[in-house]
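Input: a single structure, listed below in structure tokens.
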Amino acid sequence: MSSETETTEDGIVREIGHDEFDPVGTLALILIYFVIIGGLWAFMYFVEFLGNGPTVV
Amino acid sequence: MNRPGPVGIALVLAFAVVAVIEFRTVLGMVGIDIAIGPYFAGAAILLVGGAAALFAVPEELTPESV
Amino acid sequence: MEVFANEYPDEAWVVRAALGSAFVALAIGGLMGLIQTLHRTGFYDSLISNADYYTVLTLHGVAMVLLFTIFFLVGFFQWAITDSLGRKSEDIRITKLWYGMMVLGSAMSAVTILGGFVDSGSLSGVEADVLYTFYAPLEAHPLYYMGLAVFIIGTWIAGFDWFRSWWAWKKENPDERMPLRTFMVLTTMLMWYLASLGVAISVVFFLIPWSLGIFDSVNSLLTRTLFWFFGHPVVYFWLMPVYMMWYVIMPKLAGGRLFSDPLARIVFVLFLVLSVPTGIHHQYVDPGIAEGFKFLAMTNTMFLLLPSLLTAFTVVASIEHGARQRGGEGYFGWLTALPWGKPAFTGMTLAGLMFAAAGFSGMINAGMSINYLVHNTLWVVGHFHMTVGTAVALSIMAATYWFLPKITGREIFSRRLGLAQVLLWFIGMVLMGNAMHRAGLAGVPRRTADPTYDQVIYDGAYGAIGELRFQIALGGVLLSLSLVLFFAHLVLSSFDIGERAAATPDSIPAPLSGPEQAPKVLDNIRLWTSIAVVLILITYILPLASIVTDGGGWLGDSYGVIVAEYVLPAVSSTIDIFVGVVA
Amino acid sequence: MEIHRYEKLWFGLSLLLIVGFIGTITYGAVGAGVQMVSDDGGTVEPSFSTINENEKFAQQEDNQAVHVEGNEYEVAVIAQRFSFQPGTGSPIQVPEDSRVTFYVTSPDVIHGFSVVGTNANTMVIPGQIAEITVEFDELDSDEPKEYGVVCHEFCGAGHEEMAGQIQVVPEDQWEGDA
């Protein structure tokens with residue numbers, strides 16, 4: 001099978017230069033990551049840790 | 001969207017195996033207990049499905065195989 | 001342009017030899033891991049005794065985190081230097097010398113560890129059941145420490161060898177920027193020189209003389225602190241070659257280009273500067289170290305998150321670039337345009353994903369007070385099996401599928417088999433790693449042959465302890481299967497089977513934002529090293545001074561009993577083993 | 001040097017995360033009052049004879065906490081291959097609704113002292129006395145409440161046997177010198 005556009009060995013169908021590339025997918029993924037670790041941190045500290053007494057005081 | 005290839009299926013099933021097993025714990029946290037037997041059987045079926053999908057992966061790498 | 005193996009045959013020989021050593025260590029360590037996972041979960045504990053468990057554990061730790069990772073690193077870095085500077089080793093005899101020293105050192109330590117399995121004969125008394133952290137006054141045979149010293153000196157010479165190549169290249173190309181891979185190698189080695197100083201001082205000035213009976217005792221807290229001076233930055237020594245793969249190889253495999261060369265350099269500079277003055281975060285619950293020093297180590301550690309968080313962005317952006325060049329669209333749709341059929345790419349991506357998760361448990365470890373919750377529990381074991389055990393080990397195995405053809409001149413055996421192997425590792429580690437984290441939250445301790453006690457009931461775990469033990473054992477078995485596939489693949493790749501093609505040369509594409517964008521000061525490694533030294537002095541001088549002045553001097557107090565019980569037999573058995581080796 | 005605006009945003013968020021983490025820990029120390037194990041416990045030469053002469057350890061009798069004043073108590077524990085004294089032979093008894101300071105040291109190798117299922121967790125290093133203070137709440141019933149204690153640092157063959165117990169007893173069952 002060969003696709004209609006000409007492809008290189010790596011399957012590249014178009015060249016994207018530095019100025020025309022906005023890593024918007026990366027931003028989306030990493031914002032999700034940010035929300036997850038922020039939330040997990042709060043849960044771990046305030047629920048798991050502070051709720052796990054006795055604690056060293 | 002393109003139809004997923006065998007590699008995509010194998011990858012999705014790998015994640016599914018993991019999700020199925022961990023999800024049982026999450027359900028346990030909210031008080032829903034599920035017997036361990038059928039749960040692991042389900043995960044095992046997904047694992048076998050993933051392995052089967054891998055056998056359908058062509059050995060030559062082409063853009064279409066992805 | 002030729003394949004590396006043909007263009008630099010001597011260097012390729014050393015790279016292959018180093019990788020071979022790494023994979024021997026991986027095989028031994030993996031076998032030990034399988035024994036452990038079945039033994040401590042109680043699924044099969046009749047193979048070894050509880051006492052032998054600690055010998056197995058020591059071998060697993062030393063083989064995996066010191067030998068496997070570092071042998072791979074030196075091989076990979078030798079390739080990176082030779083290939084990026086485009087010049088042969090200045091003196092291949094030196095290159096072979098450091099490799100030989102590392103092998104010799106490994107063999108010396110390995111003999112003493114294996115001696116732990118032998119209860120009688122000429123090897124009795126030759127033991128090193130001290131785990132890879134060898135906290136004094138747990139005592140190993142002197143040969144164990146000497147082996148470590150020889151191994152580390154080997155790595156120092158390797159670093160010198162690579163600096164020599166760079167100095168020679170610089171003389172011929174005075175106006176060119178340092179190639180990225182060379183930059184990564186040299187900054188990593190500078191970090192390593194600073195870090196390994198701690199363990200070298202501990203081993204050479206305290207542990208070797210003490211184990212030979214020259215001193216009666218050592219200051220436990222001092223040698224422990226010197227160990228962690230080295231013991232945390234060593235994790236970056238495992239990680240840096242992997243970061244190099246993620247920055248250099250992954251964008252290429254994805255069909256894209258590195259998003260930003262200057263940012264990659266900044267990340268490595270941050271590691272050079274911040275890696276070492278953090279070790280005290282392994283000692284948050286140690287007595288004898290004031291809270292202020294712990295807080296200082298914590299702030300350094302937290303800022304050390306920065307280079308990893310920046311890496312996450314740069315690397316993902318680079319593969320996104322590849323996906324979009326391959327026709328990917330949308331916020332998430334581009335993910336389907338990635339080359340998931342390449343085991344090297346899939347393996348490294350899964351490793352990176354797991355590193356993102358392990359990064360979170362590392363943040364918990366790094367939080368000074370929340371560390372009470374998890375310190376020395378199975379949580380920590382889960383954490384480092386997802387970092388060094390997956391981010392590093394899986395990346396290394398995956399990259400090998402790409403890397404092996406470069407240094408052998410032959411393509412690998414099978415894409416399918418490679419994919420099955422990396423996916424299996426991922427599944428196995430999610431099961432084992434997750435269960436370990438949760439067991440740790442319930443208070444299950446690490447480093448024990450049997451975590452069940454009459455006095456202890458574990459509760460509060462999400463999921464019963466029995467289920468967690470099952471998941472740990474199952475995960476461990478899947479990981480072992482994955483290792484078997486990996487080694488089968490290596491063996492099959494070394495034979496001519498079917499119509500496998502000869503490897504074709506390929507090059508690393510230029511970054512989107514190249515080195516010419518990076519300010520010159522980034523390449524001033526002397527400046528960054530000086531800053532690192534100053535930070536280390538600020539973080540360590542006062543705690544070390546107080547440990548020595550308050551805690552019984554350089555050598556601690558005399559442990560009469562221990563000397564009589566352990567030191568004297570050790571000395572006589574040293575003589576025995578030398579006699580044994582000579583004869 | 002040119003840095004993409006998304007990357008600048010992520011750099012800012014990363015810094016926010018780091019500062020947030022350090023801020024949480026600072027809140028834990030200042031607001032919630034969590035203390036770190038530090039060098040307050042002092043040092044002692046690691047041998048039985050010297051440890052037994054140390055003022056904290058000399059006053060320790062059998063398995064009972066020593067009453068200091070008000071609801072404050074002290075317990076001195078020797079962690080050694082492969083037991084806690086007191087703790088392993090019989091449980092360490094402390095009264096409910098109390099503030100107990102543990103002094104833990106080792107005459108031989110490095111051990112751990114971890115009260116399972118709690119945040120009471122310290123290393124025990126020869127030559128150093130670990131000092132941790134914890135508060136035990138009032139009991140819900142007349143039944144004593146038990147906590148397991150484990151050594152969580154490898155200390156030699158037999159390490160997996162090293163465990164003990166703390167028993168929080170109702171005020172009226174407390175047998176120490178009140």
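Below, chain A is the first sequence line, B the second, and so on; all start at residue 1.
Among the residues in residues 420-431 of chain C, those with a non-hydrogen atom closer than 4.5 angstrom to a non-hydrogen atom of chain B are C:A420, C:L423, C:F426, C:I427, C:V430, C:L431.
Between B:V57 and C:R415 the shortest heavy-atom distance is CG1-NH2, 3.7 Å.
Only the side chain of C:Q471 has a heavy atom closer than 4.5 Å to any heavy atom of chain B. Proximity to chain C (any heavy atom under 4.5 Å) is shown, for B:A10, by both the backbone and the side chain. Only the side chain of C:L353 has a heavy atom closer than 4.5 Å to any heavy atom of chain B.
For CZ of B:F23, the number of neighbouring non-hydrogen atoms (other residues, nucleotides, ligands) closer than 6.0 Å is 12 at most. Remark: C:F332 CZ is packed, more than 12 non-hydrogen atoms of other residues, nucleotides or ligands lying under 6.0 Å away.
Atom CG of residue B:L54 and atom CG of residue C:L417 lie 9.5 Å apart, to the nearest 0.5 angstrom.
When each of C:L419, C:T346, C:T349 is paired with B:L11, the side-chain contact (heavy atoms from CB on, under 4.5 Å) condition holds for C:T346 and for no other.
Comparing B:L47, B:V18, B:L13, B:V17 by how many heavy-atom pairs each has under 4.5 Å with chain C, the most go to B:V18.
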